Structures are given as C-alpha cells and as structure tokens.
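Note that the structure is predicted; figures quoted are calculated from it, not measured. Hydrogens, waters and symmetry mates play no part in the numbers below; they use all other heavy atoms, side chains included.
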Number of protein chains: 2
Amino acid sequence: MYTQTEENYLKAIFHLSEISSTGISTNAIAKKMATKPSSVTDMVQKLSEKKVIHYKKYQGVLLTSYGRKIAASIVRKHRLWEVFLVEKLNFSWDEVHEVAEQLEHIKSPKLTNELDTFLGFPKQDPHGDPIPDKEGNYDLLEKKLLATLGLGQSGICVGVNDSSSDFLQFLDKQKIALGYEIKVVGKEPFDGSMQLQISNREFSISNKIANNLYIKILPGS
Amino acid sequence: MYTQTEENYLKAIFHLSEISSTGISTNAIAKKMATKPSSVTDMVQKLSEKKVIHYKKYQGVLLTSYGRKIAASIVRKHRLWEVFLVEKLNFSWDEVHEVAEQLEHIKSPKLTNELDTFLGFPKQDPHGDPIPDKEGNYDLLEKKLLATLGLGQSGICVGVNDSSSDFLQFLDKQKIALGYEIKVVGKEPFDGSMQLQISNREFSISNKIANNLYIKILPGS
DNA sequence: GCCAATTTTTAGGCGTATCTAAAAATTATT
DNA sequence: AATAATTTTTAGATACGCCTAAAAATTGGC
C-alpha cells in the first residue's frame with residue numbers, strides 16, 4: 001500500500017514521463033510537487049526500494065512497469081471522478097481538479113469499477129484527457145489546431161495559442177470554453193472559415209480563430 | 001483545517017457522546033480508536049488547544065459546540081456516501097463502511113451538498129442512522145424491540161438481542177437482514193405474533209422472534 | 001581538458017502521530 | 001483512612017515527510 005504522498009510522487013513522475021522520454025530529473029519533480037530537491041531525493045530513494053521506479057544517483061528516475069500501473073490507476077480514478085463531478089454533481093470544468101486530487105486516493109477497486117460502470121465507461125475526462133482502463137492502458141489523444149480538423153471531425157477544446165484578452169473575450173461571447181466538445185460541420189475554402197457545432201448550437205468562426213484554438217481529437221471521428 | 005486523524009478522533013468522541021452523557025474517558029477513546037491511552041492524551045491536548053473539545057487533566061473530554069458541528073459534518077459526509085454507494089454503485093450494506101471511512105474526509109462543501117441533492121436529501125443512511133443536515137442537526141431515531149411496534153409502524157432492522165446461530169439462521173431463511181425496512185401489517189393479540197412486510201413480501205413471525213430484533217423507527221410512521 | 005555553474009545528494013533538524021515504560025492522579029477496597 | 005488497583009499523564013523513542021545548509025557529482029563554457 002502507498003501513502004497519499006507516495007501516490008502523488010508517482011503521479012507526478014507519470015505525467016512528466018509523458019513529455020520527456022529520458023530519465024526524470026530531481027529538479028523537475030521538485031518543481032511539479034512544489035517541494036525542494038532534497039525532499040525529492042529522500043522520496044525517490046524510498047520509491048526505489050519499493051520497486052516502483054528505477055533510480056541511480058544523479059541519473060534521474062523512470063517508472064518501472066509496476067510503478068506505471070499504479071500511477072495509471074491513480075490517474076484513472078482522478079479522471080473518472082472528474083467525469084462524475086461534472087456530469088452528475090453540476091461541477092464546472094474548472095472546479096473539479098482540486099476535489100479530484102482528493103478523491104483519487106480513495107482505495108477501493110470496487111468503488112472505481114462501479115463508478116466506471118455508473119458513468120457508462122467514459123473514455124475521456126472533461127478536459128479531453130484519456131481515462132486509463134483497469135489494466136492502465138489508454139489512448140493518447142492528439143492535440144491539434146482547430147483549423148487542421150476535417151469536415152465531420154470533432155474534439156474537445158483544450159487550450160489557446162493566443163491568450164490576449166480580446167481573444168478570450170471573443171471565446172466568452174461565443175460561449176466557447178475549455179472542455180467543450182466541438183464538431184466541424186462546414187469548412188469554407190475561400191477564407192478558411194469554419195462552421196462549428198457546440199451542443200446543438202451552430203455558428204461560424206474565422207480562420208484566425210481556428211488557428212488559435214487547440215483541440216483534442218476524439219477517436220472515431 | 002483538521003487532519004484526517006483529528007477528524008477521526010472528533011468523530012469517535014461524537015459517537016461516544018451519544019451514549020454516555022458524562023465526560024468521555026481517555027480509555028474509552030483509546031479503545032474506539034484502537035490506539036494507546038498515551039496517544040489519546042497527546043491528541044486531546046492538541047484538540048483542546050484548537051477549542052474543539054473541553055479537556056481538563058484526568059477528567060475526560062466533551063465536544064464544544066464548535067467541535068460538535070465539525071464532527072456532525074464528518075458523520076453527514078460518511079452517511080451520505082453510504083447512501084450513494086448502496087443506491088448508485090451496487091454496494092451491499094456491509095461493504096460500505098470501510099469506503100465511507102475514507103470518503104468522509106474529502107474536503108469540499110460543494111461536493112457534500114451536491115451529493116445530498118443528487119441523492120434526493122436522504123434522512124437516513126442504509127443502517128437506519130440519521131444524516132445530519134448542513135447545520136449539524138439530525139433526528140434521533142429511537143431504537144426499539146420489534147415486538148413494541150404498533151400496527152402500521154415501520155422501521156429499519158438494526159440489531160439482534162440473541163445472537164445464537166439458531167436465531168441468525170432463522171433470520172437468514174426468512175431473508176431478514178440488518179438494514180432492511182420492516183413494516184408491521186398485523187398483530188395477533190392471542191400469541192403476540194406479528195405480520196410483517198419487507199419489500200412487498202409478507203410473512204409472520206412469533207412473539208419470541210419479535211422480542212429479539214431491534215428496530216429503528218422511521219419518523220412519521 | 002579545466003574551471004565555473006548547476007544539479008543532486010547528504011547531514012542534521014522539525015512537527016505529526018504513534019509507541020513503550022514509568023510516574024502521577026484518581027478510584028475502589030478493606 | 002490507608003492501601004491497592006486502575007486510569008491517566010509524562011518522558012523518551014520511532015517513522016514519515018518536509019526543511020536548510022553544505023558537500024559531492026555532473027554539466028557546460030572556454
């Protein structure tokens with residue numbers, strides 16, 4: 001069994017591993033965990049003894065396959081709870097993270113799997129991130145600019161390129177927000193503008209807008 | 001903010017207060033928490049500094065009104081989660097406690113209140129214990145012998161007087177179990193036997209049986 | 001390839017929550 | 001009321017997770 005702190009370190013290393021494929025540095029972990037590098041050294045030595053990470057002095061760490069499985073199960077719980085909070089308890093996109101950080105540490109395989117069933121086996125969380133299955137496997141969703149999507153494709157809005165207040169206010173006015181599912185229902189070759197559908201609402205945006213919105217493609221679209 | 005351990009001590013003192021109305025002894029708390037009396041002394045000194053209990057050396061402890069409110073909010077969360085687990089996630093009566101012990105420490109007033117709404121503002125948990133409201137108020141349900149119930153009254157089966165295997169096997173055969181709601185639909189003056197209804201199933205039991213089953217009366221019955 | 005800058009580790013300390021063993025206070029017995 | 005039994009508290013120790021300060025190893029610049 002792992003303490004909440006150990007689980008948080010595993011999760012941090014898991015997320016850092018998704019970016020850099022080399023060994024994860026003590027400093028990188030310290031930054032992510034908002035602690036000091038010396039504390040990280042203490043913890044990675046402990047995690048190494050527990051065989052969940054590979055660690056050699058001064059060489060950074062990597063998850064063992066065992067450690068990766070544990071980390072994935074924590075991420076699975078985190079994202080399932082996020083879906084629950086948004087879909088069943090009227091939480092908004094930006095309120096879920098803090099609570100899910102707590103709920104992800106609840107230890108009960110039955111709870112996790114029944115929750116999964118209750119929610120209808122969702123494949124993505126409200127931010128468009130994939131939910132690992134019981135074995136820890138998940139689909140990597142590709143992040144693209146909205147402008148690159150083809151007709152009929154849909155995805156979840158996950159970020160902006162330009163964060164000027166003009167642009168953010170435009171998004172607000174059009175009721176486009178992170179976490180929304182957007183479907184491309186038309187593309188205008190002449191000016192690159194796009195016809196979009198968000199929850200049965202249709203409207204069009206310019207090419208400039210489409211080049212400033214990041215989207216995660218939903219599989220099978 | 002309180003640590004999980006502090007919350008568990010508060011809850012233990014809260015439950016012990018429901019029984020004995022005098023000061024709660026160090027030993028009683030140690031027994032309930034499965035720790036040593038010396039550990040309890042350490043903790044009650046800390047809780048006393050935080051003004052959640054009244055404590056004078058060698059004289060036991062009592063919750064302050066502030067402490068009682070905090071304890072009630074933990075019990076509220078525990079029991080709401082129990083309802084959730086049983087009604088939404090197919091947990092059985094006896095599986096919920098361990099998981100609820102973890103879930104009760106999640107800190108998010110919005111979560112608690114939305115959960116309450118989602119569940120339709122239940123007044124009892126699956127064991128028939130009352131769920132405190134936001135202010136920490138709750139109805140005390142009276143525990144009675146089934147034999148003392150009047151015609152038309154109903155309650156939740158919460159315990160047995162006689163735990164001989166003969167008696168427990170009888171309950172099993174009749175499909176009577178803790179947590180079940182029982183309604184009295186007939187009383188026979190001649191031999192004191194009773195006609196019961198459990199989830200649309202009707203059958204009768206002898207007076208001897210009725211004198212060995214504890215029931216919590218549901219308000220308004 | 002050497003020296004400086006950076007990163008990482010070690011050493012020693014702190015607060016929490018626990019324990020055991022022993023001392024102090026209370027309660028019960030005669 | 002004095003002593004015995006019990007309860008409670010204190011004292012000192014341990015594991016966890018964190019810190020600061022200093023030492024050691026690695027990396028980068030010239």
Legend entry - Length of the CG-C1' vector between B:Asn8 and C:dT18, whole Å: 14 Å

Inset, instruction - Could you please name the option among D:dC18, C:dT9, C:dC19 that lies closest to any side-chain atom of A:Gln45? - result: C:dT9

Inset, instruction - Report the distance from atom NZ of A:Lys31 to atom P of C:dT7, rounded to the nearest whole Å. - result: 11 Å

Legend entry - Basic-acidic side-chain contact under 4.0 Å: A:Glu98, B:Lys107: no

Inset, instruction - List the steps and the verdict of side-chain contact (heavy atoms from CB on, under 4.5 Å) for B:Asp125 and B:Leu80. - result: CA-CA 7 Å; B:Asp125 74 9; B:Leu80 283 174; over 6 Å; no

Legend entry - Under 4.0 angstrom between A:Tyr55 side-chain N/O and C:dT9 OP1 or OP2: yes

Inset, instruction - Answer with base, sugar-phosphate or nothing: what part of the nucleic acid does B:Thr26 contact at a heavy-atom distance below 4.0 Å? - result: sugar-phosphate

Legend entry - Touch class at under 4.0 angstrom, heavy-atom based, for B:Ser39 against every strand present: base

Inset, instruction - Would you kindly compare A:Thr3 and B:Gln59 by the position of their nearest DNA chain D nucleotide and give the one closer to the 5′ end? - result: B:Gln59

Inset, instruction - Tell me what A:Thr35 touches on the nucleic acid: a base, only sugar-phosphate, or nothing, going by heavy atoms under 4.0 Å. - result: sugar-phosphate

Inset, instruction - Could you tell me whether A:Lys88 and B:Glu114 make a salt bridge, using a distance below 4.0 angstrom between a side-chain N and a carboxylate O? - result: no

Legend entry - Closest to the B:Tyr9 side chain, choosing from C:dT20, D:dC18, C:dT18: C:dT18

Inset, instruction - Mind calculating the distance between CD1 (B:Ile29) and P (C:dT18) to the nearest angstrom? - result: 13 Å

Inset, instruction - Compare the minimum distances between each of C:dT9, C:dT20, D:dC18 and the side chain of A:Met43, then state the nucleotide with the smallest one. - result: D:dC18

Inset, instruction - Look at all strands and tell whether B:Thr5 reaches a base, only sugar-phosphate, or nothing, counting heavy atoms closer than 4.0 Å. - result: sugar-phosphate

Legend entry - Side-chain donor/acceptor contact of B:Ser38 with base of C:dT18 under 3.5 Å: no

Inset, instruction - In whole angstrom, give the distance that lies between atom CG of B:Leu47 and atom P of C:dT16. - result: 12 Å

Legend entry - Nearest to side-chain heavy atoms of A:Lys36, which nucleotide of C:dT8, D:dA11, D:dC19: D:dC19

Inset, instruction - Check whether any side-chain nitrogen or oxygen of B:Tyr58 sits under 4.0 Å from OP1 or OP2 of C:dA23, and answer yes or no. - result: no

Inset, instruction - Please state whether the phosphate of C:dT8, meaning OP1 or OP2, lies under 4.0 angstrom from any side-chain nitrogen or oxygen of A:Asn27. - result: yes

Legend entry - Carboxylate-amine/guanidinium contact B:Asp116 B:Arg76, below 4.0 Å: yes

Legend entry - A:Glu104 and A:Arg79 ion-paired at < 4.0 Å: no

Legend entry - Options C:dT18, D:dT9, D:dC18, nucleotide nearest the side-chain atoms of B:Asp42: C:dT18

Inset, instruction - Compare side-chain N and O positions of A:Lys57 against OP1 and OP2 of D:dA24 and report whether any pair is under 4.0 Å apart. - result: no

Legend entry - Distance-only donor-acceptor test (3.5 Å): side chain B:Ser25, base D:dT8: no

